[in-house]
Amino acid sequence: MNLTLKIWRQSGPDDRGDFATYDVRDISDDMSFLEMLDVLNEDLIGKGQEPVAFDSDCREGICGTCGLMISGQAHGPEVTTTCQLHMRSFSDGETITVEPWRASSFPVLRDLVVDRSAFDRIIQSGGYISVNTGAAPEAHSVPVPKANADRAFDTATCIGCGACVAACPNASGMLFMGAKIAHLGELPQGQPERDSRVVSMVNQHDAEGFGGCTNIGECAAACPKEIPLDVINQLNKDFRKAKKGAH
């Protein structure tokens, strides 16, 4: 497979960026998208040119660091992470545009690498859970209804990749935050700080410059872990309840 790549190049956060065009040849259908970028970088290094900077870590669809905008779609044409996207999803001779996440809350550090520490600060603002730690309790000592346990597990699969923000026209982080709120909100251990947690996280979300949710649904459509849109509804309900109780 032969491809043309239009890749965003930017030397640093304060530098002006632009697209550069590269040709890659003899790409296997079985390669992942990141392996294809590795092939490109090996070629660039061999020519004495600067390789393309991009984030990756586990390359198993778990860590969420590999987020890229590929031909206008977060993570590309399949509902998966970029590292699990394979080149068989593209056609021979195709031109592929590769960009970093576009959101003011995710400033570009270099080329395709963005700073997603805003997500970390949202998590940190949620504080702690005031339950006793120590020896592991018996599995049945804290009853949790199966429906609640299943929902907590499903929402905990959010990997914080930022595709929801990149796909949203408002650059909202509400799906990410909703997943974190729903995860703890379904469990008994998450109840003591439930109200203060949601208020603190929403305030931090807004302070980071993320946009508001207008229920377009692009976030859920782009999410590689298929976090449902209704976590935002739960987030809003929890937030209204917490604010009402504060007065």
Side-chain angles (χ1 to χ4, degrees), residues 1 3-13 15 17-47 49-90 94-103 105-123 156-168 171 173 175-176 179 219 222-227:
M1 178 186 295
L3 300 164
T4 299
L5 304 176
K6 294 179 62 178
I7 299 181
W8 184 259
R9 303 303 307 263
Q10 185 172 337
S11 298
D15 297 310
D18 203 352
F19 286 100
T21 301
Y22 304 100
D23 292 322
V24 289
R25 305 294 178 189
D26 301 322
I27 298 298
S28 169
D29 290 356
D30 295 325
M31 285 184 181
S32 73
F33 198 87
L34 295 188
E35 288 172 330
M36 181 274 294
L37 291 180
D38 288 337
V39 170
L40 170 64
N41 278 344
E42 288 176 4
D43 182 57
L44 292 176
I45 292 170
K47 295 176 179 177
Q49 300 177 27
E50 193 70 24
V52 176
F54 62 90
D55 268 332
S56 70
D57 188 9
C58 73
R59 299 204 178 200
E60 295 179 347
I62 298 172
C63 70
T65 62
C66 63
L68 298 175
M69 188 67 76
I70 301 170
S71 294
Q73 294 178 278
H75 289 302
E78 307 291 342
V79 182
T80 187
T81 55
T82 303
C83 64
Q84 295 295 294
L85 176 68
H86 290 87
M87 298 312 297
R88 54 181 169 266
S89 298
F90 301 92
E94 187 171 346
T95 297
I96 305 173
T97 302
V98 190
E99 305 171 74
W101 291 157
R102 297 292 190 186
S105 302
F106 292 157
V108 176
L109 297 178
R110 183 175 180 180
D111 294 340
L112 305 176
V113 180
V114 300
D115 180 0
R116 283 175 292 184
S117 58
F119 270 5
D120 297 330
R121 291 188 289 272
I122 290 174
I123 294 296
T157 60
C158 169
I159 56 177
C161 67
C164 52
V165 176
C168 176
L175 190 76
F176 163 79
C219 54
C223 177
K225 297 303 177 181
E226 301 182 336
I227 301 297

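Between I70 and T97 the shortest side-chain heavy-atom distance does not fall below 4.5 Å. You'll find the side chain of F33 stays beyond 4.5 Å of the side chain of T81, heavy atoms only. With a 4.5 Å cut-off on side-chain heavy atoms, I7 and Y22 count as touching. Within the 4.5 Å cutoff, no side-chain heavy atoms of T95 are placed close to those of L3. The side-chain heavy atoms of C161 and R116, taken from C-beta on, include a pair separated by under 4.5 Å. Looking at heavy atoms from C-beta onward, E226 lies in side-chain contact with V79 at the 4.5 angstrom threshold. The shortest side-chain heavy-atom distance between T65 and I159 does not fall under the 4.5 Å cut-off.
Although no hydrogens or angles enter the test, the distance criterion places a donor-acceptor pair under 3.5 Å between the side chain of D111 and the main chain of Q10. Using modelled atom types, no side-chain atom of D29 and backbone atom of R88 make a donor-acceptor pair closer than 3.5 Å. R9 places no side-chain N or O within donor-acceptor distance of the main-chain N or O of G17, the cut-off being under 3.5 Å.
The distance from the SG atom of C168 to the CG atom of L175 is 9.5 Å, given to the nearest 0.5 Å. With values rounded to the nearest 0.5 angstrom, M36 atom CE is found 9.5 Å from M31 atom CE. A distance of 9.5 Å separates CG of L40 from CD1 of I45, quoted to the nearest 0.5 Å. From C83, atom SG reaches atom CZ of F54 across 10.5 Å, with rounding to the nearest 0.5 Å. The line from CZ of F106 to CH2 of W101 is 9.0 Å long, rounded to the nearest 0.5 Å. The CE atom of M87 sits 8.0 Å away from the CD atom of E94 when rounded to the nearest 0.5 Å.
Residues T4 and D23 have side chains that bring a donor and an acceptor to within less than 3.5 angstrom of each other. A side-chain donor-acceptor contact under 3.5 Å links H75 and T82.
Across P13 and L109, no two heavy atoms sit closer than the pair CD-O, 3.3 Å. Pairing each heavy atom of C63 with each of C58, the nearest pair is N-SG, 3.3 Å. Contact detail for V114 and D55: the closest heavy-atom pair is O-OD2, 4.1 Å. What you find for F119 and C164 is that their closest heavy atoms are CZ-SG, 4.5 Å. Here the closest non-hydrogen pair linking A179 and C158 is CB-CB, 3.9 Å.
The side chain to side chain contact (heavy atoms under 4.5 Å, CB included) check on P77 picks up Q73, L85, S89, F90, with sequence neighbours excluded. For D120, there are no salt bridge (Lys or Arg N to Asp or Glu O under 4.0 Å) partners at least two apart in sequence or on another chain.
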Verdict with supporting geometry, L112 and V52, side chain to side chain contact (heavy atoms under 4.5 Å, CB included): CA-CA 8 Å; L112 305 176; V52 176; 3.8 Å; yes

Salt bridge (Lys or Arg N to Asp or Glu O under 4.0 Å) assessment of E50 paired with R110: CA-CA 12 Å; E50 193 70 24; R110 183 175 180 180; 2.5 Å; yes

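Using a 4.0 Å cut-off between charged side-chain N and carboxylate O, R59 and D38 make a salt bridge.
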